Amino acid sequence: MDRKFVEFRLGSSDISAVRFGISPGHELVHALRTILRPQSAPLHWGWFRSLPAKPSGESFRLMAVICGVDGYMPDFLTATPSGDMTPEEEAERLREVPDERLRFDLEKMVLRSTGARQQEIRDLIAAPDRARAMIVEAWQEVWDALLAPVWPQMLRLLRADVAVRARRSSDSGLAEMASTLHSTVTWADEIVRVQMRRHEEIVDCGGTGLVLVPSVMMNARGCAVLTERPAQPTIFYPAHGVSETWHRDGADALDALTALLGATRARLVLELQQPLSTSECAALTELAVSTASHHLTVLRDAGLIDSRRNGVRVLHTRTPLGEALAGVG
C-alpha cells in the first residue's frame with residue numbers, strides 16, 4: 001500500500017515562527033471519540049472508568065453527529081491553537097465562527113456520513129445561526145461532563161511536554177526536536193512530513209509558521225494536521241507521559257511527591273506550574289521568606305525548578321524534570 005504524506009514546506013520566516021499551542025477543542029473531540037470507541041484508546045480506560053456514567057443526552061449526541069468516530073473533524077472545532085488557549089476562549093471562538101466556515105466544514109462531514117446523520121448535518125448547514133448556537137451549547141455541556149474535572153491534570157501533561165520539547169529544540173535544534181514528535185513525523189530540507197492514513201497534500205506555510213500541539217486524548221498511533229486557511233498550519237501529536245493513570249487528581253501526585261521530597265518541597269513543586277516569587281511561595285506554604293528561600297534553593301540545585309530575576313523579584317518555575325515529577329500521579 002502506498003504511503004500518504006502531508007508536507008509542510010517552510011521558508012526562513014516560517015522556521016522562526018514555529019511554536020507550540022494547546023487546543024481544548026481537539027482534546028474534547030478525541031475524548032468524545034474515546035467514549036464512542038473505547039477499544040481504540042486503552043491508555044484512556046482509567047479515565048473512562050472514572051466517569052460517573054456513560055455520557056448521553058442531546059448535547060453528547062449532537063457532538064457525536066458532527067465529529068464522527070474517526071478521521072476528519074470539522075476544523076472550526078480546533079482552529080488556531082495557541083500556547084495559552086483556555087476552554088473558555090475556545091468556546092468563545094466557536095461563537096464567532098463565520099457562516100461560510102461553518103458550512104464549508106460541515107459539508108465535508110456530509111460527504112463522510114449517510115442516512116439520518118447526513119440529513120441532520122444538512123439541516124445544520126441550512127440554518128447556520130441556529131447550528132452555531134446549538135454547537136456552542138453542546139460543546140460546553142460535553143466539556144463540563146468529560147474534561148472539566150480532569151483539565152488541571154491534562155494541562156500539567158501538556159505543559160510538561162511543551163517544556164521538554166522546547167528544551168530539546170534549544171539544545172539540538174528544531175529539526176531534531178520535530179523528528180521526535182512521533183514516528184510518523186520527519187523534518188529535512190525545510191520540509192516537515194507527516195505520514196497519514198488517507199490524506200496527502202503539500203502545504204506552503206507562507207511565512208506564518210507552524211504550530212505544534214501536544215494532545216493527551218488523541219490516539220498514540222498517529223498524528224493529525226490542520227492545513228486549510230484560515231486555520232494556521234498545525235500538527236497535533238501525542239503528548240509524552242500519558243499512561244492509564246494520567247487522570248488521577250492532584251492529591252495523588254502530592255502524596256507521591258511528599259514521600260519523595262517531604263511535604264513542603266512537594267507542595268512547592270506542585271504550586272510552581274506558573275512563575276511565582278519567593279514571597280508568594282512563602283505565603284502559599286505559610287513559611288518565613290527565608291525558609292521558603294532555603295527550600296527553593298534545594299529544589300533548584302536538584303534541577304526541579306528554575307529561578308530567574310525579573311526586576312526586583314526572583315521568579316521560580318518548574319523545569320522539565322520538575323514537570324515530569326509533578327505528573328507522577
Side-chain angles (χ1 to χ4, degrees), residues 6-30 73 75-90 92-93 96 151 154-182 184-194 196 201-218 222-242 273-275 306 308 310 315 317-320 322-324:
V6 169
E7 292 189 358
F8 293 94
R9 299 194 171 179
L10 309 175
S12 57
S13 58
D14 293 303
I15 292 173
S16 64
V18 173
R19 57 201 183 275
F20 290 93
I22 289 173
S23 175
H26 182 83
E27 300 294 353
L28 184 60
V29 171
H30 282 281
M73 67 183 77
D75 286 348
F76 63 76
L77 293 172
T78 60
T80 319
S82 63
D84 56 356
M85 175 81 75
T86 66
E88 293 76 19
E89 289 169 334
E90 190 85 90
E92 188 60 35
R93 289 191 184 190
E96 299 171 358
W151 184 239
M154 294 179 68
L155 197 55
R156 186 176 66 234
L157 285 168
L158 296 170
R159 286 174 171 168
D161 183 278
V162 169
V164 168
R165 297 190 194 276
R167 178 67 61 85
R168 184 174 293 154
S169 177
S170 176
D171 291 344
S172 305
L174 274 171
E176 177 65 23
M177 180 276 295
S179 69
T180 67
L181 294 177
H182 192 266
T184 59
V185 179
T186 58
W187 179 328
D189 299 326
E190 299 184 348
I191 295 176
V192 181
R193 304 178 83 207
V194 184
M196 308 294 291
E201 184 178 358
I202 295 175
V203 182
D204 183 350
C205 292
T208 62
L210 180 65
V211 183
L212 307 175
V213 182
S215 175
V216 171
M217 295 302 304
M218 74 183 298
C223 295
V225 298
L226 280 176
T227 62
E228 293 191 75
R229 303 296 183 184
Q232 179 73 34
T234 302
I235 300 174
F236 300 93
Y237 64 90
H240 277 316
V242 178
Q273 58 184 305
Q274 58 185 349
D306 182 49
R308 297 181 185 274
N310 182 14
L315 297 180
T317 191
R318 292 195 298 243
T319 64
E323 292 282 2

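Source: prediction; values computed, not measured. Computation of the quantities below employed the complete heavy-atom set of this structure, encompassing side-chain atoms and omitting hydrogens, waters and symmetry-equivalent molecules.
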Quiz item: Can you name the residues that form a salt bridge (charged side-chain N to carboxylate O under 4.0 Å, His left out) with Glu89, not counting sequence neighbours?
Solution: none
Self-check item: Arg165: side-chain contact (heavy atoms from CB on, under 4.5 Å) partners, not counting sequence neighbours
Solution: Phe20, Asp161, Arg168, Met177, Thr180, Leu181, Tyr237, His240
Practice problem: State which residues pass salt bridge (charged side-chain N to carboxylate O under 4.0 Å, His left out) with Arg159; sequence neighbours excluded, sorted by chain then number. | Solution: none
Exercise. Output all residues satisfying side-chain contact (heavy atoms from CB on, under 4.5 Å) with Thr234, sequence neighbours left out; order by chain, then residue number.
Key: Pro81, Val211, Val213, Leu226, Gln232, Phe236
Self-check item: Pro214 to Leu158 - nearest heavy-atom pair and separation
Solution: O-CD2, 3.3 Å
Quiz item: Quick one: ring pair (Phe, Tyr, Trp, His ring centres under 6.0 Å) partners of Trp151, sequence neighbours excluded?
Solution: Trp143
Exercise. Check the pair Leu10, Trp187 against side chain to side chain contact (heavy atoms under 4.5 Å, CB included), reporting the backbone distance first and the verdict last.
Key: CA-CA 10 Å; Leu10 309 175; Trp187 179 328; 3.6 Å; yes
Quiz prompt | With Glu190 via side chain to side chain donor-acceptor pair (under 3.5 Å) - residues at least two apart | solution = none
Self-check item: Ser16: partners by side-chain contact (heavy atoms from CB on, under 4.5 Å), with sequence neighbours left out
Solution: none
Self-check item: Residues forming a side chain to side chain donor-acceptor pair (under 3.5 Å) with Asp306, sequence neighbours excluded
Solution: Arg308
Quiz item: At their closest point, which heavy atom of Cys223 faces which heavy atom of Val194, and how far apart are they?
Solution: CB-CG1, 3.9 Å
Quiz item: Excluding sequence neighbours, so at least two apart, what forms side chain to side chain donor-acceptor pair (under 3.5 Å) with Ser179?
Solution: none
Self-check item: For Thr227, all residues meeting side chain to side chain donor-acceptor pair (under 3.5 Å), sequence neighbours excluded
Solution: Glu201
Quiz item: Looking at residues at least two apart in the chain, or sitting in another chain, which of them share a side-chain contact (heavy atoms from CB on, under 4.5 Å) with Ser215?
Solution: His26, Glu27, Met218
